[in-house]
Amino acid sequence: MQTTTPTQTHLPQVQEPRNDGMPLDLSWVRSVQANTSAIERRAVTLPGRRSVKKDHQAAWLCKAISLMDLTTLSGDDTEGRVRRLCAKARQPVRADLLQTLGMEGLTTGAICVYHDMVPTAVDALRGTSIPVAAVSTGFPAGLSPFHLRIAEIGESVAAGAEEIDIVITRRHVLQGNWQALYDEMAEMRRTCGTAHVKAILATGELGSLRNVARASLVCMMAGADFIKTSTGKESVNATLPVTLTMIRAIRDYYMRTGLRVGYKPAGGISKAKDALVYLSMIKDELGDRWLQPDLFRFGASSLLGDIERQLEHHVTGGYSAGWRHAIG
């Protein structure tokens with residue numbers, strides 16, 4: 001993996017045309033298969049396939065920060081916690097470290113919060129280009145009445161959210177009801193208006209990688225700007241086999257339509273070395289264009305703390321205590 005200079009320009013300066021979707025093609029959906037054993041074998045080899053050290057590693061870790069949806073989704077969230085998180089998004093690493101690294105101005109890709117905290121986050125990020133993302137549609141289960149889920153999207157957009165992370169109805173996938181999934185996703189996309197929509201598949205609850213691949217494709221056909229692994233609340237969240245399955249669906253969709261769709265792994269990615277594995281996989285499977293905030297995000301909170309520790313070690317030669325890098 002070659003070094004890349006991280007960009008200091010983030011969303012909403014999106015370069016790609018939005019994915020307007022296409023009519024549901026059931027013959028394409030039903031033809032999609034997933035060779036689980038082959039995908040799992042490939043995934044096992046990934047952590048040892050790429051190694052970056054020293055300055056190259058520091059550059060890639062800064063890149064990971066620029067691709068991060070810094071997140072707080074707890075029942076005890078407060079305005080104070082969200083404001084602290086937004087301050088961290090604006091200044092994710094100590095200023096002296098960024099100056100030494102030549103990365104002044106680095107920010108995270110977005111802030112992700114519950115709807116109730118959207119106005120607070122919008123106010124705290126005023127004057128920056130950092131967008132606010134809101135989880136919506138009865139997150140995390142997605143089982144509230146459909147009209148209420150749609151209304152929730154509208155409320156979050158009206159409050160200033162530029163991105164909406166929606167959750168699909170898992171039973172549509174488990175029952176193979178692709179028309180219902182398509183219709184649901186298309187209506188949510190319409191309700192988002194100009195806000196970008198990330199479709200959360202909750203892959204740990206879909207039963208098989210084949211279901212993951214087919215659900216990914218249907219959501220893209222219905223106009224999802226991103227497909228996302230998990231809510232972070234399931235027992236199994238982002239994994240390497242699931243990621244391979246989803247990004248290959250993205251590649252197939254791009255080859256067929258010419259439209260690039262983004263990818264967001266979420267839940268369980270807490271170590272800097274894991275972030276490097278995901279970035280190398282994206283580079284190998286999709287190419288450099290996907291290594292920008294408009295096409296790739298980490299759904300993370302604790303990941304930033306470990307990356308900051310690694311960058312401090314790179315600059316100073318010593319590791320600091322984890323408590324010195326609190327998030328929020």
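These values consider heavy atoms only, across backbone and side chains, with no hydrogens, waters or symmetry-generated copies. Being a predicted model, the structure only gives us computed values, none of them experimental.
Distance alone, capped at 3.5 Å, places no donor-acceptor pair between the D225 side chain and the K198 backbone. With hydrogens and angles disregarded, a donor-acceptor distance shorter than 3.5 Å links the side chain of Q57 to the backbone of V52. Side-chain N or O atoms of S74 include none that pairs as donor or acceptor with a backbone N or O of D77 at under 3.5 Å. Looking only at distances, a side-chain donor or acceptor of R90 sits under 3.5 Å from a matching main-chain atom of A124. Judged by distance alone, with hydrogens and angles left aside, the side-chain atoms of T169 form no donor-acceptor pair with the main-chain N or O of R171 at under 3.5 Å. Without hydrogens or angle criteria, T137 side chain to V167 main chain gives a donor-acceptor distance under 3.5 Å.
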Next item on the list: Assess whether salt bridge (Lys or Arg N to Asp or Glu O under 4.0 Å) is satisfied between D306 and K273, documenting all intermediate values.
Entry: CA-CA 9 Å; D306 192 55; K273 63 181 180 180; over 6 Å; no

Next item on the list: Could you give me the CA-CA distance, side-chain angles and deciding distance for F226 and D165, then say whether side-chain contact (heavy atoms from CB on, under 4.5 Å) is met?
Entry: CA-CA 9 Å; F226 268 72; D165 290 26; over 6 Å; no

Notebook entry, point to check: Could you walk me through whether V132 and L125 pass the side-chain contact (heavy atoms from CB on, under 4.5 Å) check?
Noted result: CA-CA 8 Å; V132 174; L125 294 173; 3.8 Å; yes

Next item on the list: Evaluate the salt bridge (Lys or Arg N to Asp or Glu O under 4.0 Å) criterion for residues E163 and R297: first the C-alpha distance (whole Å), next the side-chain angles of each, then the deciding distance (0.1 Å), finally the verdict.
Entry: CA-CA 12 Å; E163 303 174 14; R297 301 287 183 83; 2.8 Å; yes

Checklist line | Candidate pair R170 and E234, rule side-chain contact (heavy atoms from CB on, under 4.5 Å), full reasoning | finding: CA-CA 12 Å; R170 283 70 134 177; E234 295 90 60; 4.1 Å; yes

Margin query: Please determine whether side-chain contact (heavy atoms from CB on, under 4.5 Å) holds for the pair Q292 and K63, giving the CA-CA distance in whole Å, both sets of side-chain angles, and the decisive distance to 0.1 Å.
Written below: CA-CA 9 Å; Q292 298 297 332; K63 166 64 74 176; 3.5 Å; yes

Notebook entry, point to check: Would K88 and E308 satisfy salt bridge (Lys or Arg N to Asp or Glu O under 4.0 Å), going step by step from the backbone distance to the final call?
Noted result: CA-CA 11 Å; K88 191 67 175 176; E308 190 174 6; 2.8 Å; yes

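Just one of Y254, F296, Y278 meets the ring pair (Phe, Tyr, Trp, His ring centres under 6.0 Å) condition when paired with W290; it is Y254.
The same ILVMFWY cluster, assembled from side-chain heavy atoms under 4.5 Å apart, contains both L276 and I247. Under the 4.5 Å side-chain heavy-atom criterion for grouping Ile, Leu, Val, Met, Phe, Trp and Tyr, M255 is connected to M221 within one hydrophobic cluster. Cluster membership check: V173 shares its hydrophobic cluster with V212, using side-chain heavy-atom separations under 4.5 Å among Ile, Leu, Val, Met, Phe, Trp and Tyr. A continuous path of Ile, Leu, Val, Met, Phe, Trp and Tyr side chains, each step under 4.5 Å between heavy atoms, connects M220 with V242, placing both in one hydrophobic cluster. In the hydrophobic cluster analysis, where Ile, Leu, Val, Met, Phe, Trp and Tyr join through side-chain heavy atoms closer than 4.5 angstrom, V118 is grouped apart from V135.
The shortest non-hydrogen separation linking L206 to A215 is CD1-CB, 4.3 Å. Considering every non-hydrogen atom in both I130 and A110, the closest pair reads CG2-CA, 3.7 Å. Summarising the geometry of S66 relative to L106, their closest heavy-atom pair is CB-CD1, 3.9 Å, with the distance given to 0.1 Å. Of all non-hydrogen atoms in D25 and M22, the two that sit nearest each other are CB-CE, 4.2 Å. Between A266 and K228, the shortest heavy-atom contact is CB-CE, 3.6 Å. Listed here is the closest heavy atom pair of S230 and V236: OG-O, 4.5 Å.
With respect to the salt-bridge test (charged N to carboxylate O, under 4.0 angstrom), the residues K264 and D69 qualify. For the pair D294 and R289, the salt-bridge criterion is met [side-chain N within less than 4.0 Å of a carboxylate O]. The pair E187-R149 does not meet the salt-bridge criterion, since no charged nitrogen lies less than 4.0 angstrom from a carboxylate oxygen. In summary, D274 and K271 do not engage in a salt bridge, as defined by a charged side-chain N under 4.0 Å from a carboxylate O. With respect to the salt-bridge test (charged N to carboxylate O, under 4.0 angstrom), the residues R42 and E285 qualify.
Within the 4.5 Å cutoff, the side chain of T203 has no heavy atoms near those of the N237 side chain. Counting heavy atoms from C-beta outward, L201 and T229 have side chains that stay 4.5 Å or more apart. Residues Q179 and E184 are not in side-chain contact: their nearest non-hydrogen atoms beyond the backbone lie 4.5 Å or more apart. Side-chain contact check for Y253 versus R248: every heavy-atom pair is 4.5 Å or farther apart. Side-chain contact between F298 and L303: present, with at least one pair of heavy atoms (C-beta onward) separated by less than 4.5 Å. Side-chain contact between R210 and V32 is absent, with no heavy atoms from C-beta onward closer than 4.5 Å. Residues T194 and E162 have side chains not in contact (no heavy-atom distance under 4.5 Å, counting atoms from C-beta outward). Within the 4.5 Å cutoff, the side chain of Q33 has heavy atoms near those of the R214 side chain.
Separating the CG atom in L291 from the CG atom in L295 is a distance of 9.5 Å, to the nearest 0.5 Å. Distance check, rounded to the nearest 0.5 Å: CD1 of I150 to NE2 of H147 gives 10.5 Å. Taking NZ of K283 as the reference point, atom CG of L286 lies at 12.0 Å (rounded to 0.5 Å). Atoms OG1 and CG, on T245 and L209 in that order, are 4.0 Å from each other to the nearest 0.5 Å. Taking CD1 of I168 as the start and CE of M188 as the end, the distance is 9.0 Å to the nearest 0.5 Å. With rounding to the nearest 0.5 Å, the separation of OG1 in T71 from CD1 in I111 is 7.5 Å.
Looking only at atom types and distance, the side chain of Y114 has no donor-acceptor partner in the side chain of T72 under 3.5 Å away.
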